[in-house]
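This report refers to the structure that appears directly beneath it.
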Amino acid sequence: MSTFKLKIIASNKIFFDGEAQSLVVPHIDGGLEGFLAHHENCVFPIDVGEMKIIDESGDRIDAFIANGLMEFIDNEASVVCVSAEKPEEIDERRAREAKERAEEELRQKRSIMEYNHCQTNLARAMERLKVKNRHEI
């Protein structure tokens, strides 16, 4: 199967740098966007959710990804994101605590901006837990 160059840079590490057969990422409109080799050129925002990569050897890599931007140009995909973690890297206790904090903050009277920020934090924590629980052994 044809491959394309894929580099995923999270705020704290290079998550992936190599050849891939396919990539699926969450699109900001709530759907998923899939890419294969020679996809048309595009740039778009990535939302919080689950990412799936099939590397050049056919191995599947599932991961949590949070907020970023993806560019696919000339058979090379670049992703820059806030966070990218494999299920085994997700600290479940920390994610549950973040979820509880965000839920408590949402119950308090806040400005619209603070409310939206709390909603984003809650969504991120819930997606982390979903990815972690979906791939537990």
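Remember, predicted model here, so these are calculated numbers, not experimental data.
Linking Ile, Leu, Val, Met, Phe, Trp and Tyr whenever their side-chain heavy atoms come within less than 4.5 Å puts Ile61 and Ile46 in one cluster. Val25 and Ile9 are members of different hydrophobic clusters when ILVMFWY side chains are connected at heavy-atom separations under 4.5 Å. Hydrophobic clustering (ILVMFWY, side-chain heavy atoms < 4.5 Å, transitive): Phe44 and Ile28 are in distinct clusters. The hydrophobic clustering, which links ILVMFWY residues whose side-chain heavy atoms are closer than 4.5 Å, places Ile65 and Val131 apart.
Between Glu103 and Lys99, at least one side-chain nitrogen of the basic residue sits less than 4.0 Å from a carboxylate oxygen of the acidic one, meeting the salt-bridge criterion. Using a cut-off of 4.0 Å between Lys/Arg side-chain N and Asp/Glu carboxylate O, Lys130 and Glu127 are scored as salt-bridged. The existence of a salt bridge linking Lys5 and Asp17 is confirmed by a sub-4.0 Å separation between a basic side-chain nitrogen and an acidic carboxylate oxygen. Between Glu92 and Arg96 a salt bridge is recorded (basic side-chain N to carboxylate O distance below 4.0 Å).
To the nearest 0.5 Å, the span separating CG on Leu23 from CD1 on Ile8 amounts to 5.5 Å. Note that the NZ atom of Lys132 and the CG atom of Asp62 stand 13.0 Å from one another [nearest 0.5 Å]. Atom CG of Asp47 is separated from atom OG1 of Thr120 by 8.5 Å, given to the nearest 0.5 angstrom. Note that the OG atom of Ser22 and the CZ atom of Arg60 stand 9.0 Å from one another [nearest 0.5 Å]. Leu69 contributes atom CG, which lies 9.5 Å from atom OG of Ser78 (distance to the nearest 0.5 angstrom). Atom CD of Glu97 and atom CZ of Arg93 lie 4.5 Å apart (nearest 0.5 Å).
The side chain to side chain contact (heavy atoms under 4.5 Å, CB included) check on Gln119 picks up Leu106, Tyr115, Asn116, with sequence neighbours excluded. The ring-ring contact (aromatic ring centres under 6.0 Å, His included) check on Phe15 picks up nothing, with sequence neighbours excluded.
Residue Ala102 comes nearest to Cys118 through the heavy atom pair CB-O, 3.8 Å, listed as atom of the first residue, atom of the second, then distance. When every heavy atom of Glu89 is checked against every heavy atom of Ala84, the shortest pair comes out as OE1-O, 4.3 Å. Taking every heavy atom of both residues into account, Ala95 and Ala125 meet most closely at O-CB, 3.6 Å. Residue Ala63 comes nearest to Pro87 through the heavy atom pair CA-CD, 4.4 Å, listed as atom of the first residue, atom of the second, then distance.
In this structure, Gln21 contributes its side chain and Glu56 its backbone to a donor-acceptor pair below 3.5 Å. Panel note: side chain Asn75, backbone Thr3; a donor-acceptor pair is recorded below 3.5 Å. Remark: side-chain polar atoms of Asp59 are not paired, donor with acceptor, to backbone N or O of Asp55 under 3.5 angstrom. For Asn41 (side chain) and Asp74 (main-chain N/O), a donor-acceptor pair under 3.5 Å exists by modelled atom type.
Side-chain contact between Leu36 and Phe4: absent, with no pair of heavy atoms (C-beta onward) separated by less than 4.5 Å. Side-chain contact between Leu122 and Glu105: absent, with no pair of heavy atoms (C-beta onward) separated by less than 4.5 Å. Using a 4.5 Å heavy-atom cutoff, the side chains of Phe16 and Val79 are not in contact.
Pairs of residues two or more places apart, or lying in two chains, that qualify as salt bridge (Lys or Arg N to Asp or Glu O under 4.0 Å) and include a residue from residues 75-87 are Glu85-Arg128.
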